[in-house]
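Right, one structure below, let's go through it.
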Amino acid sequence: HPLHPHKFDGGIAMNFYRWMMNKHLKTQAPVGDLARDMKGDKEFPHDGNLDEILEYLESKGACFGCMDACMEAWKQYERESHRAKTGSGS
């Protein structure tokens with residue numbers, strides 16, 4: 001299992017993609033629109049980190065609301081995945 005220093009969180013974003021699919025595919029909000037766009041986009045960087053994902057969205061002409069939804073979703077994802085890893089409720 002080689003480490004890629006330039007992609008230290010390489011595993012996290014695939015989980016972010018799955019997390020978005022599980023959590024927000026049916027959400028009636030910008031984050032739900034984002035999840036549906038991610039699902040329908042074959043080129044979406046499944047294993048990208050947040051910067052790579054935002055860069056990708058920007059390259060696709062994503063609106064500010066979409067970028068904002070992505071950043072908020074990532075924060076929520078990180079909080080939840082950190083809780084899951086530590087096993088604490090805080």
Side-chain angles (χ1 to χ4, degrees):
H1 189 83
L3 288 175
H4 303 288
H6 65 290
K7 270 191 166 175
F8 65 95
D9 64 345
I12 204 172
M14 184 63 190
N15 295 337
F16 173 70
Y17 180 86
R18 282 202 300 266
W19 179 85
M20 284 289 287
M21 296 305 104
N22 292 335
K23 186 135 190 138
H24 289 301
L25 211 49
K26 294 184 167 67
T27 304
Q28 296 304 312
V31 70
D33 295 334
L34 174 63
R36 290 182 285 279
D37 288 346
M38 285 166 63
K39 187 177 197 293
D41 186 349
K42 299 277 181 279
E43 294 173 10
F44 188 86
H46 287 207
D47 58 353
N49 61 29
L50 179 59
D51 287 341
E52 289 167 333
I53 290 170
L54 290 174
E55 200 174 292
Y56 176 78
L57 292 173
E58 204 173 3
S59 78
K60 289 292 190 178
C63 66
F64 176 77
C66 175
M67 308 281 277
D68 197 47
C70 182
M71 287 186 280
E72 286 306 310
W74 187 278
K75 279 184 216 159
Q76 185 187 1
Y77 160 70
E78 282 197 320
R79 279 196 304 271
E80 291 188 14
S81 61
H82 181 69
R83 257 205 317 272
K85 276 188 202 115
T86 59
S88 73
S90 60

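Heads up: numbering here begins at 1 and tracks the sequence.
- Using a 4.0 Å cut-off between charged nitrogen and carboxylate oxygen, Glu72 and Lys75 count as a salt-bridge pair.
- Considering all non-hydrogen atoms of both residues, Arg36 and Asp33 come closest at NH2-OD1, 2.9 Å.
- Put simply, CE on Met21 and NZ on Lys23 are 13.5 Å apart, with the number rounded to the nearest 0.5 Å.
- The CD atom of Glu52 sits 12.0 Å away from the CG atom of Leu57 when rounded to the nearest 0.5 Å.
- A distance of 9.0 Å separates CG of Leu54 from CH2 of Trp74, quoted to the nearest 0.5 Å.
- Within 6.0 Å of atom CD in Gln76, more than 12 heavy atoms from other residues, nucleotides or ligands are found, so the atom counts as buried in its surroundings.
- Ring-plane geometry between Trp19 and Phe16 is classed as parallel, the angle between the planes falling under 30 degrees on a 0 to 90 degree scale with a further cut at 60.
- Residues Leu34 and Met20 come closest through the heavy atom pair CD2-CE, 3.7 Å.
- Between Val31 and His24, the closest heavy-atom pair is CG1-ND1, 3.6 Å.
- When atom types are taken as modelled, the side chain of Asn22 and the backbone of Arg18 share a donor-acceptor pair closer than 3.5 angstrom.
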Which pairs of donor and acceptor atoms, one on a side chain in residues 58-70, lie under 3.5 Å apart (sequence neighbours left out)?
{"from": "Ser59", "atom 1": "OG", "to": "Tyr56", "atom 2": "O", "distance (Å)": "2.6"}
{"from": "Lys60", "atom 1": "NZ", "to": "Glu43", "atom 2": "OE1", "distance (Å)": "3.3"}

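- Contact of the Asp41 side chain with the Met38 side chain is not registered, since no non-hydrogen atoms from C-beta on lie closer than 4.5 Å.
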